[in-house]
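This report refers to the structure that appears directly beneath it.
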Amino acid sequence: MLYHRWQKFSLSDRLLLVGAVICGAFLLLAVLAPLGQALGWIANPQEFLDFPIHAPPSPQHWFGTNRLGYDVFSRTIFGAQAALQVVLVATLLSLVVGVPLGLLSGYQGGWLDRGLLFFMDTIYTLPGLLLAVTVAFVVGKGVLNAAIALSVAYIPQYYRVVRNHTVSLKNEVFIEAARALGASTPRILQRYLLVNVLPSIPVLFTLNAADAILTLAGLGFLGLGLPPQVPEWGQDLRQALDGLPVGIWWPTLFPGLAMTLLVVGLSLLGEGLGERLDPRQLN
């Protein structure tokens with residue numbers, strides 16, 4: 001029965017469903033992690049030296065322990081919580097800054113549009129990780145600081161998408177009619193233009209979130225992400241590299257798998273949304 005229902009779904013629906021299930025599972029784990037710790041089901045991710053160091057996976061420690069004696073399972077679960085917090089704040093910051101600037105720039109045109117377009121294109125040409133590393137050096141470590149470092153790289157993407165949509169729409173008949181009726185610029189931007197560019201935002205949001213997971217891991221790997229006491233996948237992977245040559249694989253495998261699975265889930269969600277929201281696919 002389930003197989004036949006699955007066969008009836010279109011490709012976009014399948015991608016959307018699989019991505020939503022993966023992302024929903026990670027979100028549920030992140031939300032319930034403190035409760036699991038309080039009930040004793042998940043170990044304290046910051047409690048070390050009481051555990052055996054580099055213990056292999058066992059019923060007591062499902063994913064084993066790392067070189068500091070941290071429980072890898074709890075570090076992996078709480079690492080998902082930290083990643084989702086940072087990425088959600090970073091993408092929201094990018095959206096809040098990039099969308100209004102894109103609307104205003106595309107609608108107003110003139111020197112404002114040329115200046116913002118030049119500035120955003122300059123930022124856009126820089127590699128995302130390099131830009132995030134540079135900003136992280138300036139703002140320091142922390143959840144909010146890491147989110148700011150990530151958001152700087154994504155603001156130009158929201159700006160460019162929204163600005164291009166706005167330029168293509170601002171001379172449409174319904175916009176001209178609103179101007180003729182005396183609608184103010186803020187009202188035109190909010191009531192007529194914003195609602196028409198919104199369908200492109202969820203796709204960009206999910207794809208940027210997937211990229212931000214990897215960028216945050218890169219910052220953590222370089223020691224520039226979150227504080228050392230906060231569980232974070234990139235930081236744990238850096239600490240686990242020393243054990244690989246001697247066959248200690250579990251501190252690297254499980255955080256890496258979790259990060260890869262979350263990125264795949266967000267990418268599938270973005271691709272599925274892109275197919276569903278594509279005007280050519282709508283009847």
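- For the atom pair OG1 (Thr122) and CG (Leu117), the distance works out to 9.0 Å, reported to the nearest 0.5 Å.
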task = Would you please test Leu222 and Arg238 for side chain to side chain contact (heavy atoms under 4.5 Å, CB included) and show each step?
result = CA-CA 8 Å; Leu222 296 173; Arg238 182 187 62 171; over 6 Å; no
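- Closest non-hydrogen pair, Ala20 versus Leu269, comes out as N-CD1, 4.0 Å.
- Ring pair Phe63/Phe254 is parallel by interplanar angle, where below 30° counts as parallel and above 60° as perpendicular.
- Within the 4.5 Å cutoff, the side chain of Ile248 has heavy atoms near those of the Trp250 side chain.
- Heavy atoms only, all atoms of each residue included: Leu131 and Ala153 are closest at CD2-CA, 3.8 Å.
- Shown here for Thr166 and Gly106, the closest heavy-atom pair between the two residues is CG2-C, 3.7 Å.
- Following chains of ILVMFWY side-chain contacts shorter than 4.5 Å, one cannot reach Leu112 starting from Phe118, and the two form parts of different hydrophobic clusters.
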request  = Evaluate the side chain to side chain contact (heavy atoms under 4.5 Å, CB included) criterion for residues Leu84 and Leu262: first the C-alpha distance (whole Å), next the side-chain angles of each, then the deciding distance (0.1 Å), finally the verdict.
outcome  = CA-CA 10 Å; Leu84 289 173; Leu262 181 54; 4.1 Å; yes
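- Closest of all the heavy-atom pairs between Pro255 and Val72 is CD-CG1, 4.2 Å.
- Going from atom CZ of Phe78 over to atom CH2 of Trp233 covers 13.0 Å, rounded to the nearest 0.5 Å.
- For the pair Met259/Ile213, a side-chain contact is recorded, criterion being any heavy-atom separation below 4.5 Å from C-beta on.
- The minimum heavy-atom distance between Leu150 and Leu219, with the atom names listed, is CD2-CD1, 4.2 Å.
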message = Determine whether Asp211 and Tyr154 satisfy the following criterion, side-chain hydrogen bond (donor to acceptor under 3.5 Å, both in side chains), listing intermediate values before the conclusion.
response = CA-CA 10 Å; Asp211 185 70; Tyr154 301 121; 2.6 Å; yes
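- Looking at heavy atoms from C-beta onward, Leu101 lies out of side-chain contact with Arg163 at the 4.5 angstrom threshold.
- Within the 4.5 Å cutoff, side-chain heavy atoms of Gln81 are placed close to those of Pro34.
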request  = I would like to know whether Thr76 and Trp62 meet side chain to side chain contact (heavy atoms under 4.5 Å, CB included); could you show each step before the answer?
outcome  = CA-CA 11 Å; Thr76 302; Trp62 292 354; over 6 Å; no
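- Once rounded to the nearest 0.5 Å, the distance linking SG of Cys23 with CG of Leu261 reads 9.0 Å.
- For the atom pair CG (Leu237) and CD (Glu232), the distance works out to 8.0 Å, reported to the nearest 0.5 Å.
- Counting only heavy atoms from C-beta outward, the side chains of Gln37 and Ile77 never approach each other to under 4.5 Å.
- Counting only distance, with no hydrogens or angles, the side chain of Ser105 and the backbone of Gly102 share no donor-acceptor pair below 3.5 Å.
- Put simply, Val167 and Tyr159 are part of two different groups of oily side chains (I, L, V, M, F, W, Y) that touch within less than 4.5 Å, one to the next.
- Checked against Leu93 for a side-chain contact (heavy atoms from CB on, under 4.5 Å), the options Val96, Val97, Thr91, Val89 give a single hit: Val89.
- Hydrophobic clustering, with ILVMFWY side chains joined whenever heavy atoms are under 4.5 angstrom apart, keeps Val135 apart from Leu130.
- Linking Ile, Leu, Val, Met, Phe, Trp and Tyr residues whenever their side-chain heavy atoms come within less than 4.5 Å places Trp111 and Leu103 in a single cluster.
- Minimum interatomic distance between Ile201 and Val162 (heavy atoms only, all atoms of both residues): CD1-CG2, 3.8 Å.
- Under the 4.5 Å side-chain criterion, counting only non-hydrogen atoms from C-beta, Asn208 is in contact with Tyr158.
- The shortest side-chain heavy-atom distance between Leu95 and Val99 falls under the 4.5 Å cut-off.
- Residues Leu29 and Phe73 share a single hydrophobic cluster, defined by chaining ILVMFWY side chains whose heavy atoms lie under 4.5 Å apart.
- With values rounded to the nearest 0.5 angstrom, Lys141 atom NZ is found 9.0 Å from Leu226 atom CG.
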Working for side chain to side chain contact (heavy atoms under 4.5 Å, CB included), residues Leu266 and Phe26 = CA-CA 11 Å; Leu266 288 168; Phe26 273 95; over 6 Å; no
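- Judged purely by atom type and a 3.5 angstrom limit, Asn145 uses its side chain to pair as donor or acceptor with the backbone of Val139.
- The shortest distance between side-chain heavy atoms of Leu88 and Phe205 falls below 4.5 Å.
- A distance of 13.0 Å separates CG of Leu116 from CZ of Arg160, quoted to the nearest 0.5 Å.
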